[in-house]
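Not measured: the values here are computed from a predicted model.
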Amino acid sequence: MAATAAASSPLCTWLVATAAACMSFASSEQRPHSAVPGRFPSSRCRRLKRRIQSTPSKCSVGRASPGCGVFSGGSGIHGLVSSCLAFQPCREYCCSDGFSIGFFGADGLVPSPFGSRSRLFDRRRMRRRQRRPMNRPSLSSGEVKAVAVQPAERLVTKKKPLTKQRRVVVTGMGVVTPLGHDPDVFYSNLLEGASGISEIETFDCSQFPTRIAGEIKSFSTDGWVAPKFSRRLDKFMLYMLTAGKKALKDGGITEDMMDKMDKTRCGVLIGSAMGGMKVFNDALEALRISYKKMNPFCVPFATTNMGSAMLAIDLGWMGPNYSISTACATSNFCILNAANHIIRGEAEMMLCGGSDSAIIPIGLGGFVACRALSQRNTDPTRASRPWDTDRDGFVMGEGAGVLLLEELEHAKERGAQIYAEFLGGSFTCDAYHITEPRPDGAGIILCIEKALAQAGVSHEDVNYVNAHATSTLAGDLMEYHALVRCFGHNRELKVNSTKSMIGHLLGAAGAVEAVAAVQAIRTGWVHPNVNLDSPDKGVDTRLMVGPTKEKLDVKVALSNSFGFGGHNSSILFAPYK
């Protein structure tokens, strides 16, 4: 590109200057020629344009875009500049032996493309123009007009030197889940095959066909969230703030260390699929009486971004701060984008993940209306059964998961404990249906393949997959077939679904499952698939983790999350080496 720009700059010099002169004259027809020194009369411009249009361009053949003549690509000066930048001189042009006045390039005088017989710039007219009074200094030999060479200079100066990519590591984790609010307690329960699914207790759901969920029975914000906020905030925010601060504590970030940190280099990116549904629902109920009864904070406390904002306000972190909402793929989107901020040098530390709490009447009723939920009310612990022939829908869950991502050198400098390395990931869209996956699984396959390519990981290196598998009829099989397509030849591969024990945490699912993947790397154990009693037809149980935990030396862990709208996401973790 640089070579092309350099070669075309002489032509740009002449053409840009000429076009600018013509355009300037056209805009000042009422002024006499003497008032615009150095400008061509309009008749001269017309003759020049006809001359250019009638001149056959050998250079455009095979060297420029079709139809890209000298004046193509738009009208006026913008089209002319675009044409110049795309122009590449051919051998016939460069070897032209005739010139009238020529124009100056990087290596001196370059012949005019219009030949020696051109009457546009004969010596008589040159002398006439030189006798005219000039209000600007004339160009001496070897000088170049700034307007012509400026685009070429920008192309050169904007090039960035190649630098080594910054590595991203996990140095802290925080969770709030139906199986515990500490990463070690949570994963220990997963390894034991315990279930966090039970009957819903927070409201009367006797009139609903589904009355079970992965509901958090006991939760306290003491020491994590100020009392005034504990009474006002939606649960999804309380879960998020608590999990975020626990991740900081787990990462060894003390108050003294916080005071010394560059907080402009620290950010928060935690999302939610559903947002503050209860706050919004309460506002609607208050509105039935009067708008005066509404909570003045109902709008900000219902938005998905406010959790990240409030956590940043509490910590004083001034780096990247926002949220992403892509349904059940939310957490993975947040984690990958947070890592990219670190890789691009925009931050040194990022708290990232997801949080959701939609187990309220409107949330339960909405998913019941979608006919997406299991109705195995009499046996809650066996209701979520990914890949099993008796599965009848997913089980709602709630909670939050937050990872503390950090630039490797920054983590080493402060002596942080490194749990795993984040390798990369990818996103795609099924572009098929708002709730159903593509029947051919093309979107999932593309997402996994792009994630591997982006991270520079081979198929053989991935030997553990924490699947999205939610216990739905179509979704489980589509993901399974995509995994077989990508990794079926890998005999070491083991696949499980954390949702078989905690249900589907919606926007928080990906972050909680990322914690499970990192814990598998740390401990060398992968948790079982519970309730997989009768695998669906075509499901190879040799790829699945059995009913009890299994020892596995994880090389690379893949975690998938998919959401309504066809959002696909895949992220990769590996042991830090």
Colleague: Classify the side-chain pair His181/Thr242 by whether it contains a donor and acceptor separated by less than 3.5 Å.
Modeller: no
Colleague: Using modelled atom types only, decide if a donor and an acceptor are shared between the side chain of Tyr419 and the backbone of Ile521 within a distance under 3.5 Å.
Modeller: no
Colleague: Got a donor-acceptor contact below 3.5 angstrom from the Arg391 side chain to the Ser471 backbone?
Modeller: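 No, because the side chain of Arg391 does not come within donor-acceptor range (under 3.5 Å) of the backbone of Ser471.
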Colleague: With sequence neighbours excluded, tell me which residues meet salt bridge (charged side-chain N to carboxylate O under 4.0 Å, His left out) with Glu215.
Modeller: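 For Glu215, the residues satisfying salt bridge (charged side-chain N to carboxylate O under 4.0 Å, His left out) (neighbours in sequence not counted) are Lys217.
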Colleague: Are His410 and Glu348 linked by a side-chain donor-acceptor pair shorter than 3.5 Å?
Modeller: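 No pair is found: no donor N or O on one side chain lies under 3.5 Å from an acceptor on the other.
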Colleague: Kindly determine whether Ile197 and Met501 satisfy side chain to side chain contact (heavy atoms under 4.5 Å, CB included), including the steps that lead there.
Modeller: CA-CA 7 Å; Ile197 299 172; Met501 289 174 273; over 6 Å; no
Colleague: Measure the CD-CD1 distance between Glu398 and Ile502 for me, rounded to the nearest 0.5 Å.
Modeller: 11.0 Å
Colleague: Check the side chains of Glu406 and Thr171 for a donor-acceptor pair under 3.5 angstrom, ignoring hydrogens and angles.
Modeller: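 Side chains of Thr171 and Glu406: pair found under 3.5 Å.
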Colleague: With a 4.5 Å cut-off on side-chain heavy atoms, are Ser561 and Glu513 touching?
Modeller: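 They are in contact (side-chain heavy atoms under 4.5 Å apart), so the answer is yes.
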Colleague: Can you name the ring pair (Phe, Tyr, Trp, His ring centres under 6.0 Å) partners of His567, sequence neighbours left out?
Modeller: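 Per chain and number, His567 pairs via ring pair (Phe, Tyr, Trp, His ring centres under 6.0 Å) with no residue.
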Colleague: Hey, is Lys278 close enough to Asp282 for a salt bridge, meaning N to O under 4.0 Å?
Modeller: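 Salt bridge: yes.
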Colleague: Check whether the side chains of Asn466 and Tyr464 place a donor and an acceptor atom closer than 3.5 Å, and report yes or no.
Modeller: yes
Colleague: Using only heavy-atom distances, determine whether the side chains of Ser500 and Asn529 contain a donor-acceptor pair under 3.5 Å.
Modeller: no
Colleague: With sequence neighbours left out, what residues match Asp553 under side chain to side chain donor-acceptor pair (under 3.5 Å)?
Modeller: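 None.
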Colleague: In this structure, are over 12 heavy atoms from other groups packed under 6.0 Å from Lys551 atom NZ?
Modeller: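 Atom NZ in Lys551 is packed in, count exceeds 12.
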Colleague: How far apart are the C-alpha atoms of Asn568 and Asp430, what are their side-chain angles, what is the distance that settles it, and do they pass the side-chain hydrogen bond (donor to acceptor under 3.5 Å, both in side chains) test?
Modeller: CA-CA 7 Å; Asn568 305 311; Asp430 276 353; 2.9 Å; yes
Colleague: Please report the shortest heavy-atom distance between Ala327 and Thr330, naming the atom on each side.
Modeller: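 Closest approach of Ala327 to Thr330, heavy atoms only: O-OG1, 2.6 Å.
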Colleague: Would the distance check show the side chain of Arg371 and the main-chain N or O of Val368 forming a donor-acceptor pair, the cut-off being under 3.5 Å?
Modeller: no
Colleague: Please check if the side chain of Asn321 supplies one atom and the backbone of Gly267 the other of a donor-acceptor pair under 3.5 Å.
Modeller: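 Not a single qualifying donor-acceptor pair exists.
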Colleague: Let me know which of Phe562, Phe427, Tyr322 forms a ring-ring contact (aromatic ring centres under 6.0 Å, His included) with Phe333.
Modeller: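 Running ring-ring contact (aromatic ring centres under 6.0 Å, His included) over Phe562, Phe427, Tyr322 with Phe333 returns exactly one hit, Phe427.
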Colleague: For Ser230 and Thr221, does a side-chain donor sit closer than 3.5 Å to a side-chain acceptor?
Modeller: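 Side chains of Ser230 and Thr221: pair found under 3.5 Å.
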Colleague: Would Asn560 and Glu479 count as having a side-chain donor-acceptor pair, cut-off 3.5 Å?
Modeller: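 Present: a donor and an acceptor within the cut-off.
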Colleague: Could you tell me whether the side chains of Asp250 and Gln417 share a donor-acceptor contact shorter than 3.5 Å?
Modeller: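 Distance-only check fails for Asp250 and Gln417.
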Colleague: If we ignore hydrogens and angles and just use 3.5 Å, is the side chain of Arg166 paired with the main-chain N or O of Ile342 as donor and acceptor?
Modeller: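 Checking the backbone N and O of Ile342 against the side chain of Arg166, a donor-acceptor pair under 3.5 Å is found.
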Colleague: Under a 4.0 Å threshold between the charged nitrogen and the carboxylate oxygen, would Glu407 count as salt-bridged to Arg167?
Modeller: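 No, this pair does not count.
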Colleague: Side chain to side chain contact (heavy atoms under 4.5 Å, CB included) between Ile253 and Leu404: does it pass, once the steps are laid out?
Modeller: CA-CA 10 Å; Ile253 304 296; Leu404 176 61; 4.2 Å; yes
Colleague: Does the side chain of Asn305 come under 3.5 Å of the side chain of Ser323 through a donor N or O and an acceptor N or O?
Modeller: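 No donor-acceptor contact under 3.5 Å links the two side chains.
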Colleague: Does Lys245 make a cation-pi contact with Trp224, if we ask for NZ or CZ under 6.0 Å from the ring centre and within 45° of the axis?
Modeller: no
Colleague: Tell me, with the steps shown, if Ser534 and Thr389 meet side-chain hydrogen bond (donor to acceptor under 3.5 Å, both in side chains).
Modeller: CA-CA 6 Å; Ser534 179; Thr389 53; 3.2 Å; yes
Colleague: Please determine if Glu285 and Lys293 form a salt bridge, counting it only when a charged side-chain N lies under 4.0 Å from a carboxylate O.
Modeller: no
Colleague: Would you please say whether a donor-acceptor pair under 3.5 Å links the side chains of Thr264 and Asp262?
Modeller: yes
Colleague: Let me confirm one number: the CG-OG1 distance from Asp476 to Thr470, rounded to the nearest 0.5 Å.
Modeller: 5.5 Å
Colleague: Can a salt bridge be assigned to the pair Arg376 and Asp379 using a cut-off of 4.0 Å between side-chain N and carboxylate O?
Modeller: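 The answer is no: the pair does not qualify as a salt bridge.
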Colleague: Please walk me through it: do Met261 and Asp259 pass side chain to side chain contact (heavy atoms under 4.5 Å, CB included)?
Modeller: CA-CA 6 Å; Met261 288 167 49; Asp259 293 337; over 6 Å; no
Colleague: For Phe394 and Phe367, take the angle between the two ring planes, folded into 0 to 90°, and tell me which bin it lands in: parallel under 30, tilted 30 to 60, perpendicular over 60.
Modeller: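 Because their plane-to-plane angle is over 60°, the rings of Phe394 and Phe367 count as perpendicular.
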Colleague: Looking at side-chain heavy atoms only, is the closest gap between Phe280 and Met277 below 4.5 Å?
Modeller: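 No, too far: nothing below the 4.5 Å cut-off.
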Colleague: Check the pair Ile448, Leu483 against side chain to side chain contact (heavy atoms under 4.5 Å, CB included), reporting the backbone distance first and the verdict last.
Modeller: CA-CA 8 Å; Ile448 295 173; Leu483 293 175; 3.9 Å; yes
Colleague: Output yes when Asp356 and Lys235 qualify as a salt bridge under the 4.0 Å nitrogen-oxygen rule, no when they do not.
Modeller: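 Here Asp356 does not pair with Lys235 in a salt bridge, since their nearest N and O are not under 4.0 Å apart.
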Colleague: Taking the ring centre of each residue, are Tyr239 and Phe219 less than 6.0 Å apart?
Modeller: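 For Tyr239 and Phe219, the ring centres are under 6.0 Å apart.
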